[in-house]
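All values reported here derive from a predicted model rather than from experimental measurement. When a ligand or atom number is given, it counts from 1 through the structure's own listing order.
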Amino acid sequence: LTHDLVVTHAHVVTVDAADTVISDGAVAISDGRIVRVGPAAEIGRDAREVVDARGLLLMPGLVNTHCHAADSLFRGLIEDLPLEPWLSLVWKAEGAILSPATVRLGATLGLAELLRGGVTTTMDFFWHPAEGVAAARSLGVRVATGGMFFDGPAVDGIAPADRLGEAAAFFDAFADADDVFPGCFPHGAYTVGPDSLVAAKRLADARGGLFSVHAAETRAERETITARYGRSVIRHLDALGILDARTVLAHCVWLDDEEIEILAQRGASVAHNPMSNLKLASGIARVPDMLRAGVRVTLGTDGAISGNDLDMWMTLRLAATLHRAATLDATAVSIAEALRMATIEGAAALGVDDRLGSLEPGKFADMVLVDLGVVNAAPLFDPRTHLVFSCAKADVRDVYVGGRAVLKDGAPVRVSLSDTLEEVAALTPRIAASIHG
Ligand SMILES: [Zn+2]
C-alpha cells in the first residue's frame, strides 16, 4: 500500500495560497507528512488506513500564537478588577501554587482544552517551560516555548542573572525536535530592562529561535515606557534592534500610525488576543490598519486567567467581527483573512510555514476534522463561513498531528482527562486560598 493514511470524502479547506476548497476532497499522508491533496476520486484509497470523512470538514490544525496554558489553574479565580490590581493577585496566586509539578498539571489542562478545539501548535509563554513541553508531548501537540525573562524575583526562583543560561540550556535540550520550537520570552518591556531584552534577542538569533514579548497591551504600559525611556513601546523595542521577522509581539493594542509602519518594515508579527483585550478592558487593536500596512497578524487565546476559556474558535470569530464594529466597516477583516490568521499566518510568525499551517504536499499532517452534520452548520454553501462565524470548539471531532490521531471523537487519545481533572480538583482548595492572607 502506497500511503499510511488517506482521509477522503471531506470538505477540504486547504488554506493554501489560493485558499483552495475541495468539496469532495482527500488528503494522503506518508511518514507524518502530506503527500497528496485533491479530489477524492483522484487520490483513491491506496493506504493502510482510510478514514471516510463524509459530512466532515478537513482543515489545517489551528496555530495559537499567544498562550499561558498552565495559568488555566487560576481560571475564574480573580475577576472584575482593573488590570493592575488583577495582575498583582495573579502573581500572588502563581507564587503560592506554581512548581514544576503544578505547571505540568496546568499546562496539561490548558493544552488539552486547546487540543479539544483543534489547536495543534501553541506558542506558550510560561515559567518552567520544560514542563510545558512535557505536557504538550503527553498530548501529542506541538509547542513553541523557552526561557522566560523577568527582572526581579519570579515564581520559578531563577535569578535574573541566571535566565540567559537557563534559556540557552532550553535551546540545547530541544534544538533538534520537530514538536518544539524554542525561543526566548521576556515578559514585557516594563518588567524586563533593555539589556536583558537585547541579550534575549541575541541568544534567540544565535540559535535561530523565536523571540516573543508582551507589547503595547495597555495604555498604562504605553505611559510607563514613554515616561521611562522617552519613547513608546514599539519605538523602544525598535531602538533596541529587536524587531524582525523572528519576533512575535503579543497584543499591540496601543499603536500609532508610525508604530504600525515600523512593524511592517521590520517584518515583526503581532499576536492578536481579542478575548483577553476585551475582558481586561485593554482596548481594541488596530487590526485592519495593521493588515493594510502589511503587518503579519496572527491569533492568540492568551491565558485562561485573561479569557477564561482557551477557545480559538471564539478568537477567530471575534477577530472577524470586532473590527467590523469598531471601524463601521463590514469588510475590515474578511473570512479568508481571519482563517489565515488562525492557521498559516500563525505558522509563518513561528517561522514554520514551510512545514505547518496549511494542507499542502510536503507539510506535516497536522489536521482537524470538523463535524458539519450539526444544526449550526446547515445549510452548507462555502464551509469557510461556518468555520469563522458558526462553528464551535465542540464541533471538532478528530485531530491529527504528524498524521497520527491525537483527538478522537472529542477526547485526547494519549492521556486520560479524568486523571487531570481529578488532580486539578484536589489542588483547588489550595488555589482558592492562594490569593488570601
Ligand atoms: Zn499574555
Ring-face cation of Arg33 near Phe364 (centre distance under 6.0 Å, axis angle within 45°): yes
The Zn ion (ligand 1) - closest N/O/S atom in His66: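 The Zn ion (ligand 1) is closest to the His66 atom NE2, counting only N, O or S.
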The Zn ion (ligand 1) - name of the N/O/S atom of Asp302 that sits closest to it: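 For Asp302, the N/O/S atom sitting closest to the Zn ion (ligand 1) is OD1.
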For a distance under 2.8 Å, tell me if [X] has an N/O/S atom near the Zn ion (ligand 1).
X      : answer
Glu217 : no
His68  : yes
His214 : yes

Residues Asp244, Asp205; criterion side-chain contact (heavy atoms from CB on, under 4.5 Å); working and verdict: CA-CA 10 Å; Asp244 61 31; Asp205 286 348; 4.2 Å; yes
Other residues, nucleotides, ligands: >12 heavy atoms within 6.0 Å of Arg404 CZ: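 Incorrect, the count does not exceed 12.
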Neighbour count >12 (heavy atoms, 6.0 Å) for atom CZ, Arg219: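 Result for CZ/Arg219: open.
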Centroid separation Phe125 to His214 less than 6.0 Å: yes
